[in-house]
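For reference, the structure is listed below as structure tokens.
When reading the values below, keep in mind they use all heavy atoms of this one structure, side chains included, and skip hydrogens, waters and symmetry mates. Each chain gets a letter, A, B and so on, in the order the sequences are listed, and its residues count up from 1.
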Amino acid sequence: MNDIKTIIADAIKDLFNEQVSVELTRPDPQFGDFSCNVALQLAKKMANPPAGGPREIAQSLAAKIVEDDKVASAEAAGPGFINITLRDQALWRLANEKPNKYLDGQTIVAEYSDPNPFKVLHAGHLYTSVVGDAIANLLENAGAKVHRVNFGGDVGLHAAKSMWAIIKELGEESPEKLEAVDESQRPDWLASRYIEGNEAYENDDTAKSEIILLNKKIYSLHAENDHDADFAKIYWTTRQWSYDYFDGFYASIGSHFDKYYPESETAQIGLDEVKSHIPDVFQESDGAVIFDGEKFGLHTRVFINSEGLPTYETKDVGLSILKKQDYDFDRSIIMTGNEQDQYMEVVLKAIEQFAPDLSRATTHISHGIVKLQGGVKMSSRKGNFLKAVDVLSSAKDANQQQNGSSDQQISLGAVKYAFLKHRIGGDIIYDPENSVSIHGNSGPYLQYAHARARSILEKSANEPSNPDSEEFDELERTLVQKLSEFSEVIERSSLDLAPHYICTYLYELSQTFNRFYEGSKVIGDDREKLRLGLVSRYGDVLQSGLKLLGIQAPNKV
RNA sequence: GCACCGGUAGCUCAGUGGAUUAGAGCACUUGUCUUCGGAACAAGGGGUCGUAGGUUCGAAUCCUACCCGGUGUACCA
């Protein structure tokens, strides 16, 4: 693709001695392989454009471009577009192009999922785990060294609520009693404690003040690095249960993290940093330390509360510094729910005041809420929300019911694809039945399409050939043309941090293949070897595309 | 109030300032096909791209105002 751009850029230089950034688009296939609007740009730019305007510029460029031996035809069209058709061999080479490693040598930290210890993973955590992982894959594929990290609150009111209920449940501060909780029950047991603690906090004033005290106790436990007191033992043990539960969950969806950053580890660093920038960046106000975002058209937010405790803002400052220390990244990507959009703007603006490079290297992306199709009522009662495992099991059930399949790769692929196929940002309406459907734009459909392609290759007695010197017929060429888009799609997808481009592309590709397959006999045809070559490349593209999305593509379904 | 995000077919959603006719899937109508895995292919109906202006050779896309929905707006995360 860059070859083609160079051909056009050279032609522009030769004919008009101008420099224009050449952008290629993929037009409707009937118009050619590529389309280019440089003539329209040039006409604007030139001091003395030709009398025929952009149309004439396009014509003379087309005549020049077509001289290149990669190009079969180039024609001026419409108000001044140039439609370019490649020679078949050049198109086939493009269809086999390796991904552009434009991020070679770069280090990127991707932070997502971010669940809190002591609490339950909900549907939103599942969503960001899936989408964050796909983005990390894309960046890795472009050559970057990517570190996946996870930030969560192991201190704070929710932890105190849990600890309060844990101790109540145990009857006393005796850590050995925790052994009675079976390993498999630990996540649910902790979830129940959080619900109890939360309820007590809201409805029982005595409990509430006890919990507030526990909150401070947890902070000081960290400050003193206490691992010996009974209270500390209970805290550290149950906290570890949470991390074990997270690890198990991520493994079950085929994902992993390099590192967990607990808030307890970022709080002090953030606190020191914030304090060192009073009053130049942060100011004291009503006993708290704030950042006056209004100077920048943003909100003012509290970084250290009037009790001297760091807020989430300060912990995020600490996290940024820590991530930079740990990985010396070129770029940092943070994915959260979109309710944090304006919050994050303030934090990044504050960081910009004392560490502009750090702020500039950070990209925040955010997503909406995951809802179930049909709008299952979310009760306001605590603990009754859409859990990550609920989403997975609804897919499993739907797969069983609709397809009679208990294949986890299928139901997991269905969920991932259903999340990934939408542009990041809006709410996701998840429909289990739709997601596992073998008709239409779904994960299982593509997994099946891949298996079917592999099956053709296996069934044939011949080896695929590399059709480098032959001409394609119409259906073959349409397929190769679509295959040739793959490397562009994944590059654009990683540039825009938009995995959904890949979903759209893979589905379109499979439709193109089905049309080819409907009209072209493969096994037993004179052109069998050549066509096997196309089927083989198609299978590879489907598999590597799905792999980038974090979806398995087995050879047999 | 102010700010941010969204509003595209009955539903769920794509859509890079470009090209006749704004696209998919699901759902609906009809056809092909005794199937190299038909989990297919072909054709059709269905649209004031929230509304009104503006910029542009060209706007779903950019700008302005407004309407609707969601979220955020000082010591939660």
Might you list the N or O atoms of the protein lying below 3.5 Å from N or O atoms in nucleotides 19-23 of chain B, with each pair's distance?
residue : atom : partner  : partner atom : Å
A19(B)  : N6   : Ser35(A) : OG           : 2.6
A19(B)  : N6   : Asn83(A) : OD1          : 2.9
A19(B)  : N1   : Asn83(A) : ND2          : 3.3

Work out how far the [atom1] atom of [N] is from that of [M], and round it to whole angstrom.
N: U34(B); M: G46(B); atom1: P; result: 33 Å
N: A60(B); M: C66(B); atom1: P; result: 23 Å
N: U20(B); M: C11(B); atom1: P; result: 27 Å
N: U29(B); M: C4(B); atom1: P; result: 47 Å
N: A14(B); M: U55(B); atom1: C1'; result: 27 Å
N: G70(B); M: A65(B); atom1: P; result: 22 Å

Return the value, rounded to whole Å, for the distance between atom [atom1] of [X] and atom [atom2] of [N].
X: Leu40(A); N: G18(B); atom1: CG; atom2: C1'; result: 8 Å
X: Leu457(A); N: G37(B); atom1: CG; atom2: P; result: 11 Å
X: Lys459(A); N: U35(B); atom1: NZ; atom2: P; result: 11 Å
X: Asn399(A); N: A39(B); atom1: CG; atom2: C1'; result: 13 Å
X: Glu508(A); N: G15(B); atom1: CD; atom2: P; result: 11 Å

Excluding sequence neighbours, so at least two apart, what forms salt bridge (Lys or Arg N to Asp or Glu O under 4.0 Å) with [X]?
X: Glu474(A); result: none
X: Asp540(A); result: Arg454(A)
X: Arg301(A); result: Glu313(A)
X: Lys161(A); result: none

Exercise. Within the modelled atom types, does a donor on one side and an acceptor on the other bring the side chain of Tyr448(A) and the base of G37(B) under 3.5 Å apart?
Worked result: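 Yes, the side chain and the base share a sub-3.5 Å donor-acceptor pair.
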
For this session: For Tyr235(A), check ring pair (Phe, Tyr, Trp, His ring centres under 6.0 Å) against everything at least two apart and list the hits.
Result: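 Scan of Tyr235(A) (ring pair (Phe, Tyr, Trp, His ring centres under 6.0 Å), adjacent residues dropped) gives Phe118(A), His222(A).
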
Polar pairs (N or O, both sides) under 3.5 Å between protein and nucleotides 9-12 of chain B?
none

Please tabulate the protein-to-nucleotide N/O contacts below 3.5 Å involving nucleotides 60-63 of chain B, giving atom names and distances.
none

Exercise. Is Arg423(A) near enough to G15(B) that one of its side-chain N or O atoms lies under 4.0 angstrom from OP1 or OP2?
Worked result: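 Yes, because at least one side-chain N or O of Arg423(A) sits under 4.0 Å from OP1 or OP2 of G15(B).
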
For this session: Ignoring backbone atoms, test whether His500(A) places a side-chain nitrogen or oxygen under 4.0 Å from the OP1 or OP2 oxygen of C13(B).
Result: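 Result: no.
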
Exercise. Are the side chains of Tyr194(A) and Met163(A) in touch, meaning some heavy atoms are under 4.5 Å apart?
Worked result: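 No, side chains not in contact.
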
Less than 4.0 Å between a side-chain N and a carboxylate O, is that true for [Y] and [X]?
X: Lys216(A); Y: Glu307(A); answer: yes
X: Arg26(A); Y: Glu488(A); answer: yes
X: Asp316(A); Y: Lys323(A); answer: no
X: Lys349(A); Y: Glu352(A); answer: yes
X: Glu463(A); Y: Lys529(A); answer: no

For this session: Assign Lys521(A) to base, sugar-phosphate, or nothing according to its heavy-atom contacts below 4.0 angstrom with the strands shown.
Result: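 If one applies the 4.0 Å heavy-atom cut-off, Lys521(A) turns out to touch a base.
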
Exercise. With sugar-phosphate meaning primed atoms plus P, OP1 and OP2, does Asn215(A) contact a base, only sugar-phosphate, or nothing at under 4.0 Å between heavy atoms?
Worked result: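 The residue Asn215(A) makes no contact with any strand.
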
Atom pairs, N/O to N/O, protein against nucleotides 41-44 of chain B, distance under 3.5 Å?
residue : atom : partner   : partner atom : Å
C41(B)  : OP1  : Asn514(A) : ND2          : 3.4
A42(B)  : OP1  : Arg515(A) : NE           : 2.7

For this session: Determine whether the aromatic ring centres of Phe513(A) and Tyr538(A) lie less than 6.0 Å apart.
Result: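 Distance test on ring centres: under 6.0 Å, yes.
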
Exercise. Considering all heavy atoms of both residues, which atom of Val155(A) and which atom of Glu263(A) are nearest to each other, and what is their separation?
Worked result: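 Val155(A) and Glu263(A) have their closest heavy atoms at O-OE1, 3.8 Å.
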
Problem set entry | Pairs satisfying salt bridge (charged side-chain N to carboxylate O under 4.0 Å, His left out), at least one member in residues 113-128 of chain A, at least two apart |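 Sorted result for residues 113-128 of chain A: empty, none.
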
For this session: Ignoring hydrogens and angles, tell me if any N or O in the side chain of Ser411(A) forms a donor-acceptor pair with the backbone of Asn399(A) under 3.5 Å.
Result: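 No; zero donor-acceptor contacts below 3.5 Å.
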
Problem set entry | Plane angle bin for Phe291(A) and Phe296(A) - parallel if under 30°, tilted between 30 and 60°, otherwise perpendicular |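 Correct class here is parallel.
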
For this session: Report the residue (Gly426(A) or Ala451(A)) whose heavy-atom-nearest nucleotide on RNA chain B is the more 5′ of the two.
Result: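 Mapping each residue to its closest nucleotide by heavy atoms, the 5'-most match is Gly426(A).
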
Exercise. What stems involve RNA chain B, if each pair must be Watson-Crick or G-U and both of its distances must be under 3.5 Å, with 3 or more such pairs in a row?
Worked result: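 Looking at RNA chain B, the stems formed by three or more consecutive pairs are B:1-7 with B:67-73, B:10-13 with B:23-26, B:28-32 with B:40-44, B:50-54 with B:62-66.
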
Problem set entry | Stepwise side-chain contact (heavy atoms from CB on, under 4.5 Å) test for Phe151(A) and Thr266(A) | CA-CA 10 Å; Phe151(A) 179 48; Thr266(A) 70; 3.8 Å; yes

Exercise. In the 5'-to-3' direction, what one-character label does each nucleotide of nucleotides 72-77 of chain B receive under the scheme B = base within less than 4.0 Å of a protein heavy atom, S = sugar-phosphate only, - = no such atom?
Worked result: BSBB-B

